[in-house]
Trainee: 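Here it is, the structure, as structure tokens.
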Number of protein chains: 2
Amino acid sequence: MTPASPRHSPRTAGAAARPRPKRGGSERDPGRGAAVVTLAQSVTDTLRQAIMEGQFQPNERLQEELLAERLEVSRTPIRAALHGLTAEGLVEYVPNRGYSVRRLDADRLIATFDIRAALEGLGARLAAERGMDEALQAQCRAALHRGDRIFAKGKLISADRDRFAEVNAVLHEAVLQTADNPMLNDMLRVCYNIPIFSDRNVLWRDFGWLRRSHDDHHRIFEAVCRREGARAELLMREHVHSVKLHMREQIEGAAPAGRA
Amino acid sequence: MTPASPRHSPRTAGAAARPRPKRGGSERDPGRGAAVVTLAQSVTDTLRQAIMEGQFQPNERLQEELLAERLEVSRTPIRAALHGLTAEGLVEYVPNRGYSVRRLDADRLIATFDIRAALEGLGARLAAERGMDEALQAQCRAALHRGDRIFAKGKLISADRDRFAEVNAVLHEAVLQTADNPMLNDMLRVCYNIPIFSDRNVLWRDFGWLRRSHDDHHRIFEAVCRREGARAELLMREHVHSVKLHMREQIEGAAPAGRA
DNA sequence: GATCGGTTCATTGTATACAAACATGCCGGA
DNA sequence: TCCGGCATGTTTGTATACAATGAACCGATC
């Protein structure tokens, strides 16, 4: 956990002498180089990842000075980052008392899926109406095929967790990209910003359920390709809804009946 | 446009000697006093209102020092406020070049309504499923009645603009409150954060259309009260969709074929 | 005449100093 | 024993100083 470091470092130069990547010259990093321009951005990325990976406890306080020391920057970019992460829903803020890692109780977590269903449903419909790019279609087909191979084995091995997550990500992002609605993207990102106990860590053991979920992927993709907007929307909504139900079962199965 | 002023003012005391409301004593402001605790918050509110009221031009740059002078605070709370408004979608940010008032082109504006339709539809369904509070139901009925009286005259006068906006706001907020999903609220707020040319300023002349829109309100309310979730969702979606269509007509009617 | 290079200026990004708010612990009183 | 008030320390909020970036301007060269 160390932020990239642009601009301004009148310090002891730091133990590990950070190499100042700055912004790439004109020739390096041709495609999506973008890199990080601002310390605040860099810190935001670092903290987001740390929180998503569970490096902080759920309700843990995030003290500015402490983080500043750990990341070897001043409080200023830390504050900016925390403010931003608050907007992203990862962090909570109480006016004169600072920031803490947000903890969604079970109900709020479940409620998230209602929003995802509505928004991803909309995304699927828009994608179907606009029509998906040939290149993207090819990517989707490849991803679907990779998914099929996971299930062809007839059982799951531990490496399949990441594989399925990847397939899932490719497909959903292809739909979103085709929908071409930046605001929709931003809002869904907030829904995804849920550390650990998100999809990836709970649901990947139930072979039968997972296979049905992948069947959904096939049908959604088909509907999008056929430009069947209403059908794509319905399928996507049902797809997400089934995740919600499955997750609720898992949660209620694991924790007796309280907030996790 | 002047922010409330808590804490810390080692300045010339300001021309108008701000009276330091601080946080209300224990007895004053009994109910929802909350007031503003932080300069940054206060500045955020001030700027949000100013932008929404059109006090800044669409694409206008928002220079930190300038605003700081105008609001008689330092750049620090200004920066925090701008950062926050960026998350709310009112302001745009480019890393080393600062903030500017966001301008939605016609397409993006229209696209907003797709999201509103999906989210408000969800809200209506959740409200129907949860059931609306008696007190809220009464408020809604009163609002519906106020709306009816607007149309009973058979024509619109200019004061009806604000009246209808108020009725509309009460009803939609009642639904959202009943839906009881904070994330849904936040996301819809982003959709509403569109200066001027939002509903209120364009559509309020067409008597027939407006009356149909208010009929929708009646039916949506009825569906929610009867706990008919699916119907409430469909009606709300159609309701918002009709706003989208009407707005598109208005825009295309007004501006020939460019970005407004 | 247009383009490239460097210089200057305006504006943003970061660090830091200081003031106010919250939290804690102590003490006295009921 | 329990409660309320005061002193203390810690942490946040704001102001400000300074560094670095981007834009504008200008002159020189092709």
Side-chain angles (χ1 to χ4, degrees), chain A residues 3-14 18 20-26 34-46 60-86 91-100, chain B residues 3-14 18 20-26 34-46 60-86 91-100:
Chain A
S5 68
R7 199 195 245 181
H8 210 251
S9 39
R11 273 170 181 280
T12 55
R18 296 170 279 163
R20 319 187 101 235
K22 282 193 170 175
R23 60 187 60 206
S26 39
V36 176
V37 189
T38 281
L39 253 190
Q41 292 181 317
S42 159
V43 170
T44 304
D45 293 342
T46 307
E60 182 174 346
R61 273 194 68 191
L62 296 170
Q63 295 196 62
E64 300 169 4
E65 197 139 15
L66 223 86
L67 293 174
E69 239 172 81
R70 243 172 99 175
L71 300 189
E72 303 187 340
V73 297
S74 82
R75 278 175 57 212
T76 309
I78 298 283
R79 289 192 119 243
L82 290 173
H83 191 146
L85 292 174
T86 304
V91 156
E92 273 179 350
Y93 170 67
V94 182
N96 271 301
R97 312 197 16 206
Y99 298 86
S100 56
Chain B
S5 69
R7 199 196 244 181
H8 211 254
S9 39
R11 274 170 180 281
T12 54
R18 296 170 278 162
R20 317 187 102 235
K22 281 193 170 173
R23 59 187 60 206
S26 37
V36 176
V37 189
T38 282
L39 254 189
Q41 293 181 316
S42 159
V43 170
T44 304
D45 293 341
T46 307
E60 181 173 347
R61 275 194 67 192
L62 296 170
Q63 297 195 67
E64 300 170 4
E65 197 139 16
L66 224 83
L67 294 173
E69 238 172 84
R70 241 171 101 174
L71 300 189
E72 303 187 335
V73 297
S74 82
R75 278 175 57 212
T76 309
I78 299 282
R79 290 193 117 240
L82 289 172
H83 192 148
L85 293 173
T86 304
V91 156
E92 274 179 349
Y93 170 68
V94 182
N96 272 302
R97 309 186 32 197
Y99 298 86
S100 56

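Everything numeric here is computed off the predicted structure, so don't read it as measured data. Within every chain, numbering begins at 1; the chains are lettered A, B, ... in the order of the sequence lines, protein sequences first and strands thereafter.
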Trainee: What heavy-atom pair brings A40(B) and T44(B) nearest, and what distance separates the two atoms?
Mentor: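 Looking at all heavy atoms of both residues, the closest pair is O-OG1, 2.7 Å.
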
Trainee: What heavy-atom pair brings A81(B) and V43(B) nearest, and what distance separates the two atoms?
Mentor: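 Smallest heavy-atom distance, with atoms named: CB-CG1, 3.6 Å.
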
Trainee: R75(A) side chain: which of dT12(C), dT14(C), dA17(C) is closest?
Mentor: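 My answer, after comparing the listed nucleotides, is dA17(C).
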
Trainee: Do the side-chain N or O atoms of T76(B) get closer than 4.0 angstrom to the phosphate oxygens (OP1, OP2) of dT14(D)?
Mentor: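 For T76(B), the contact criterion (side-chain N or O under 4.0 Å from OP1 or OP2 of dT14(D)) is not met.
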
Trainee: In whole angstrom, what separates L71(A)'s CG from dT14(C)'s P?
Mentor: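 Rounding to the nearest Å, CG of L71(A) and P of dT14(C) are 13 Å apart.
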
Trainee: For E65(B) and for P77(A), locate the closest nucleotide of DNA chain C by heavy-atom distance; then report the residue assigned to the nucleotide nearer the 5' terminus.
Mentor: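 Nearest nucleotide further toward 5': that of E65(B).
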
Trainee: Listing time: all N or O pairs from protein to nucleotides 23-25 of chain C that are below 3.5 Å?
Mentor:
from, atom 1, to, atom 2, distance (Å)
dA23(C), OP1, R97(A), NE, 2.7
dA23(C), OP1, R97(A), NH1, 3.3
dA23(C), OP1, R97(A), NH2, 2.8

Trainee: L39(A) has a side chain; which of dT14(C), dA15(D), dT12(D) sits nearest to it?
Mentor: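 So the nucleotide nearest the side chain must be dT14(C).
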
Trainee: Could you state the CG-C1' distance from N96(B) to dT12(C), rounded to the nearest angstrom?
Mentor: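 In whole Å, dT12(C) C1' lies 6 Å from N96(B) CG.
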
Trainee: Nearest 0.5 Å please: distance from the CG atom of L67(A) over to the OH atom of Y99(A).
Mentor: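 So the gap between those two atoms works out to 11.5 Å.
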
Trainee: Going by the rule side-chain contact (heavy atoms from CB on, under 4.5 Å), which residues pair with E92(A) if we only count those two or more places apart in sequence or in a different chain?
Mentor: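 Result, side-chain contact (heavy atoms from CB on, under 4.5 Å) vs E92(A): S100(A), R102(A).
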
Trainee: Grab the CD-P distance between Q41(B) and dA21(C) for me, whole Å please.
Mentor: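 After rounding, the gap between these two atoms is 14 Å.
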
Trainee: Roughly how many Å is it from CD1 in I78(A) to P in dT12(D), rounded to a whole number?
Mentor: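 Rounded to the whole Å, the gap is 11 Å.
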
Trainee: Hey, does Y99(B) reach any base, or is it just sugar-phosphate, or nothing, if we go heavy atoms under 4.0 Å?
Mentor: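 No contact at all - Y99(B) keeps every heavy atom at 4.0 Å or more from the nucleic acid.
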
Trainee: Given atom CD of E64(B) and atom P of dA20(D), what is their separation to the nearest angstrom?
Mentor: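 Those two atoms, CD and P, are 18 Å apart.
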
Trainee: Over how many whole Å does the gap from Q63(B) atom CD to dA23(D) atom C1' extend?
Mentor: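 Distance check: Q63(B) CD to dA23(D) C1' gives 12 Å.
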
Trainee: Round to the nearest Å and state the distance from L67(A) atom CG to dT11(D) atom P.
Mentor: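 About 12 Å, once rounded to whole Å.
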
Trainee: Which part of the nucleic acid, if any, lies within contact of A80(B), taking any heavy atom under 4.0 Å across all strands shown: a base, the sugar-phosphate backbone alone, or nothing?
Mentor: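 The answer is nothing, as A80(B) stays clear of every strand by at least 4.0 Å.
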
Trainee: Within the supplied structure, the quantity of interest is the number of heavy atoms (other residues, nucleotides, ligands) at a distance under 6.0 Å from E65(A) CD; does it exceed 12?
Mentor: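 No, the 6.0 Å shell around CD holds no more than 12 heavy atoms from other groups.
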
Trainee: So, does R61(A) get its side chain near the phosphate of dT10(D), meaning an N or O under 4.0 Å from OP1 or OP2?
Mentor: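 No.
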
Trainee: Enter the distance from L82(A):CG to Q63(A):CD here, rounded to the nearest 0.5 Å.
Mentor: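 The distance works out to 11.5 Å.
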
Trainee: Could you work out, with side chain to side chain donor-acceptor pair (under 3.5 Å) as the rule, every residue matching E64(B), not counting sequence neighbours?
Mentor: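 Counting only residues at least two positions away or on another chain, E64(B) forms a side chain to side chain donor-acceptor pair (under 3.5 Å) with R75(B), R79(B).
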
Trainee: Between P on dA10(C) and CD on E69(B), what's the gap in Å once rounded to a whole number?
Mentor: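 E69(B) atom CD is separated from dA10(C) atom P by 14 Å.
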
